[in-house]
Amino acid sequence: MTIQQKIPGGRPLDLSRRSFLAVAGGAGVGLVIGLKADPALAAPSGAPVQFNPFVKVSPDGAVTVIVKHLDKGQGVATGLATIVAEEMDADWATIRTEFAPANPALYANLAFKAQGTGGSTSIANSWDQYRTAAATARAALVKAAAAEWKVAAGEIKVVNGVISHPSGKTGSFGQFAEKAGDSAEPTAAPQAPQFKEPKDYRLIGKEGLHRVDNDSKTDGTAIYTQDLKLPGMLVAVVAHPPKFGGKPKSFNDAEARKIRGVEQVVQIPTGVAVLARNTWAAIQGRNALEVEWDDSAAENRGSDELMAACKDAVSKPGVATATNAGDAEGALKGAAKVIEADFAFPYLAHAAMEPLNACVELKDGGVKITTGAQFQSIDLAVASKVAGVPMDKVVIDTVWAGGSFGRRAVPTSDYIAEAVMIAKAIDGKAPVKLVWTREDDMKGGYYRPMYAHRVRAAIGPDGMPVAWHHRIAGQSIMTGTAMEPMLVKDGVDDTSVEGASNLAYAVPNLKVELTTIKAGVPVLWWRSVGHTHTAHAVETVIDELAYAAGKDPVEYRLALLKDKPRHAGVLKLAAEKAGWGEKLAKGKGRGVAVHESFNSYVAQVVDVTIKPDGAVKVDRVVAAVDCGIVVNPDVVRAQIEGGVGFGLGAALRNAITLKGGEVEQGNFDKYKPLRISDMPHVEVHIVKSEEKPTGVGEPGVPPIAPALANAIFAATGKRVRDLPLGDQKFTSV
Amino acid sequence: MIKLNINGEERELDIAEDTPLLWVLRDEVGLTGTKFGCGVAQCGACTIHLDGAPVRSCMTMAADAVDSKIVTIEGLVAETGSKEGKAVQAAWRALDVVQCGYCQSGQMMSAAALLAGNKKPSDADIDSAMNGNVCRCATYQRVRAAIHDAAKRLEA
Ligand code: FES
Ligand code: FES
């Protein structure tokens, strides 16, 4: 079904299934997520005119960019705002941002054909779409000015939000907003606009723009799900089964109900929920519950058993083959020198700073959800199913998220589904805010899967690689999800092998095999997905081959990347900036890694010191990144710095382990995050490029673990293949 | 009933004495700039000032704050806030420290307290004063730089 809705003063929009106005349009609907400091702009005056799903202009001149992606810190609100301001020639000071409501017909991620944020696709998929939206809005404003001034549109200039004509006439966006909205062609397909030439950019790629969330996140006013308070709202905290697949059997809430503020206790499919007038009462109430669990269908294995299954799998031929070029096994037999390396990678929790949460209201036969929603298409379907209401009765509003690293985009929408279950269990009598404590969040599953790898690689008499045989075993992220048909082919989940199956290095005989392990522990993408482990295996093995060949690790890689100019470009830049080749003092080591993920290229050079007690200190990371056209250089640097820190914390000491099916870590005392004292000095260099922009949220992560391991090897002669490092001690050579 | 002085205002609150200040501030008073990250003094997202000293509000009972001046992020950067608070906010903004932002109120509270007692902290001073403040987005490098920047602003 397609409906046409007229937006006041704007062009009608093609809407499938959902009423755009009800959820998105109109003045005052939608949450303002980024205000510039100018108090004159604090509230829009007059009804903003919506030019298209992405751009609104208020009579006071404020330009509001509708952000279709979740900003969980990666800076996409700033990025999309920059693209619009550039193409519209708007004054940056007048730019505001709002998160788009859930409406896949309007706000789909063009890379997924579904509304959602991930895979470092936000800027890449929005680049043409948001430029078109901005150029169209600009053209309508110019046309309105031309009509009023009775001049040719082609003679009009727009600079920094000022519309002017050589005759001396000038005007503002706000002044023409309403007219421009009225005159916007109602049904004409948007003309393919003439985009600005990069040489004319004043905002894109320029230094000095501040993030749109810079102010509200430094004065306590930015609103996250955790901060929502609706009239009459109850806070829900849930007792979850200690094992994955467990279910509540019976419970005793006598003690919980004695706690002041506790209103109700309800059993739901995922556990037992305590609803209270405030968060603390709900937490105490949950702690006072006695629940008997039904573990008959639960996963009872521990991580040792599960790792043993992975290790066993890589000792045998893989069940599926991801890549098979040449004859790797044959070439290995006759090779001059063979290297064998086994790797083990643990489960990892995302552990975003804001534990999971969601706000739900059931009213008027519909559901309204407010949360840091990252996968709206799936969240809509899940919420509709759980609530038992049609999909067009589900509204999802998005607010800032305190991190995610993938965890808020879940194929089962687990945390949203649970919030809806609770609201339903109390018959929608009050709005419900579901709050997961840190322990709920950490023990709640959806981890980066555990994997084992076995690599056998061989070099020929000239030292160059002749064969690479790589086996991987672990759980599949995509199997059983809506993405399975797209991403699982012939038994190969691409996210289990990406980064290895498409090995960048020129190796004539390459075989990559996969065995998918089944286990009851829920798994999920975790910042950079498969590359989190494949890059480590590939980049440490190639390093071993370089040493085995007696060649410099950078030179060796470059010789194998002759057809990969962008890999080579970042590698050379990082090496040069790091002073690669200098002699280092005893006890110090320098290592390198280069990896492409999500069409962005990152190389990192890591410097370590082996301390007198044998512990490793990471001193410096020099990174080079090629992500095509750079929209906001400082956001790119921030994402690479953050990616380095995020990956480094995991490489140094993070692991989720299970015993008898129960997760052993519940908080930051056991799952120790990277802290400031661990943070190396990070330098980020950006390759100049006119390629289309690609993402930077994830690509900073994959190279850090192998570059660190290679630096430790350089200092100690010891290879680090299993992650995390833990409290291993090293001796320098 | 319990009396608390929060950001210079006296408040009378009908709460149990052993309620953690974090939840008093967030749920009762509506000051949501102070964040819940771990609940067990492991992350620093809930850091506030009690008589100028940084404390983790998730592990501080309301009763333990009755005779103290409580300052939250909202009070720190208000007109009436300290000069350290203002310098920290200016530095944080100048260097675009925030990513998801969820830890940053706590980071700023710890940073302002550090600067109140140490006009020119070294990297090592910063690392030891800030080690209780986790940032999962790993903005640590900018936190360090912003503290140096704030120290310069205070000198000027
Ligand atoms: S919430 Fe208090 S230290 Fe984490
Ligand atoms: S900015 Fe995200 S946790 Fe610090």
Side-chain angles (χ1 to χ4, degrees), chain A residues 71-75 210-211 213-224 226-227 229 235 260 277-280 283 350-355 400-405 435 437-439 634-635 638-639 641-646 648-649 667-669 673-682, chain B residues 15-16 19-20 22-24 26-28 30-40 42-43 45 72-78 88-90 92-105 107-108 124 126-144:
Chain A
D71 198 323
K72 46 204 144 63
Q74 83 280 34
H210 291 291
R211 294 175 62 112
D213 47 357
N214 206 14
D215 292 354
S216 67
K217 289 179 177 176
T218 50
D219 64 10
T221 60
I223 297 295
Y224 303 80
Q226 189 73 37
D227 305 329
K229 194 168 186 178
V235 178
R260 189 177 150 199
R277 268 179 278 120
N278 60 67
T279 320
W280 180 235
I283 292 174
H350 304 72
M353 208 64 215
E354 180 187 20
W400 297 111
S404 165
F405 315 116
V435 169
T437 60
R438 173 58 56 199
E439 289 77 10
D634 198 51
V635 172
Q639 283 312 294
E641 291 162 15
V644 162
F646 191 76
L648 184 59
N667 213 312
F668 291 131
D669 54 340
L674 189 88
R675 289 181 185 268
I676 195 169
S677 55
D678 304 310
M679 186 73 188
H681 175 68
V682 183
Chain B
I15 47 159
T19 311
L22 169 67
W23 300 113
V24 177
R26 291 184 50 83
D27 287 359
E28 304 300 322
L31 292 170
T32 54
T34 304
K35 299 301 189 208
F36 163 59
C38 70
V40 293
Q42 286 289 326
C43 80
T72 69
I73 183 71
E74 292 88 350
L76 184 80
V77 301
V88 163
Q89 187 188 48
W92 247 247
R93 290 180 175 178
L95 300 183
D96 286 288
V97 174
V98 306
Q99 288 188 28
C100 83
Y102 197 81
C103 72
Q104 297 295 345
S105 300
Q107 304 280 357
M108 292 169 65
I126 291 172
D127 283 5
S128 82
M130 302 298 294
N131 225 32
N133 287 90
V134 171
C135 177
R136 288 293 289 156
C137 301
T139 61
Y140 299 122
Q141 165 151 304
R142 290 181 192 225
V143 167
R144 239 183 242 144

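Letters go in sequence order (proteins before strands), and every chain restarts at 1.
- Interatomic distance, D227(A) CG to T34(B) OG1, rounded to the nearest 0.5 Å: 10.0 Å.
- Proximity to chain A is limited to the backbone of A94(B), based on heavy atoms less than 4.5 angstrom apart.
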*V98(B) vs R211(A), side chain to side chain contact (heavy atoms under 4.5 Å, CB included): CA-CA, chis, key distance, verdict*: CA-CA 9 Å; V98(B) 306; R211(A) 294 175 62 112; 4.0 Å; yes
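- By the side-chain hydrogen bond (donor to acceptor under 3.5 Å, both in side chains) test, R277(A) is found to be paired with E263(A), residues two or more places apart in sequence or in another chain being considered.
- For chain A, the nearby part of M108(B) is the side chain; its heavy atoms alone come within less than 4.5 Å.
- Between chain A and the options E28(B), Q89(B), Q104(B), the largest number of non-hydrogen pairs under 4.5 Å is found for Q89(B).
- With respect to D27(B) and K229(A), no salt bridge is recorded, no charged nitrogen being found less than 4.0 Å from a carboxylate O.
- Contacts between F646(A) and chain B at a heavy-atom distance below 4.5 Å involve backbone atoms as well as side-chain atoms.
- Between chain A and the options W92(B), W23(B), Y102(B), the largest number of non-hydrogen pairs under 4.5 Å is found for Y102(B).
- The distance from atom CG of D678(A) to atom CG of D127(B), rounded to the nearest 0.5 Å, is 9.0 Å.
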*So D219(A) and R93(B), side chain to side chain contact (heavy atoms under 4.5 Å, CB included) or not? Walk me through it.*
CA-CA 10 Å; D219(A) 64 10; R93(B) 290 180 175 178; 3.8 Å; yes
*Stepwise side chain to side chain contact (heavy atoms under 4.5 Å, CB included) test for V24(B) and W280(A)*: CA-CA 9 Å; V24(B) 177; W280(A) 180 235; over 6 Å; no
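- For R26(B) (side chain) and Q226(A) (main-chain N/O), a donor-acceptor pair under 3.5 Å exists by modelled atom type.
- In this view, C137(B) and F405(A), Q99(B), C100(B), C135(B), T139(B) satisfy the side-chain contact (heavy atoms from CB on, under 4.5 Å) rule, not counting sequence neighbours.
- For the options A351(A), G403(A), G649(A), heavy-atom pairs under 4.5 Å to chain B are most numerous at A351(A).
- Between chain A and the residues A16(B), A78(B), G37(B), G33(B), the largest count of heavy-atom pairs under 4.5 Å involves G37(B).
- Contact count versus chain A (heavy atoms, under 4.5 Å) is highest, among K35(B), E74(B), Q107(B), for K35(B).
- Between F668(A) and V40(B), every side-chain heavy-atom pair lies at or beyond the 4.5 Å cut-off.
- Using modelled atom types, one side-chain atom of R144(B) and one backbone atom of M679(A) make a donor-acceptor pair closer than 3.5 Å.
- Rounding to the nearest 0.5 angstrom, the gap separating the CZ atom in R675(A) from the OH atom in Y140(B) is 6.5 Å.
- Contact count versus chain B (heavy atoms, under 4.5 Å) is highest, among L648(A), I283(A), T279(A), V435(A), for T279(A).
- Ranking K72(A), H681(A), R438(A), E354(A) against chain B, the residue ahead of the rest is E354(A), based on heavy-atom pairs under 4.5 Å.
- A heavy-atom distance below 4.5 Å is not found between the side chains of V644(A) and Q141(B).
- Note on G132(B), G101(B), G30(B): by heavy-atom pairs under 4.5 Å with chain A, the leading option is G101(B).
- Separating the OG1 atom in T19(B) from the CG atom in N278(A) is a distance of 7.5 Å, to the nearest 0.5 Å.
- Interface remark: A222(A) contributes backbone atoms only to the contact with chain B (heavy atom separation under 4.5 Å).
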_Derivation of the side chain to side chain contact (heavy atoms under 4.5 Å, CB included) call for V143(B) and I676(A)_ = CA-CA 9 Å; V143(B) 167; I676(A) 195 169; 4.0 Å; yes
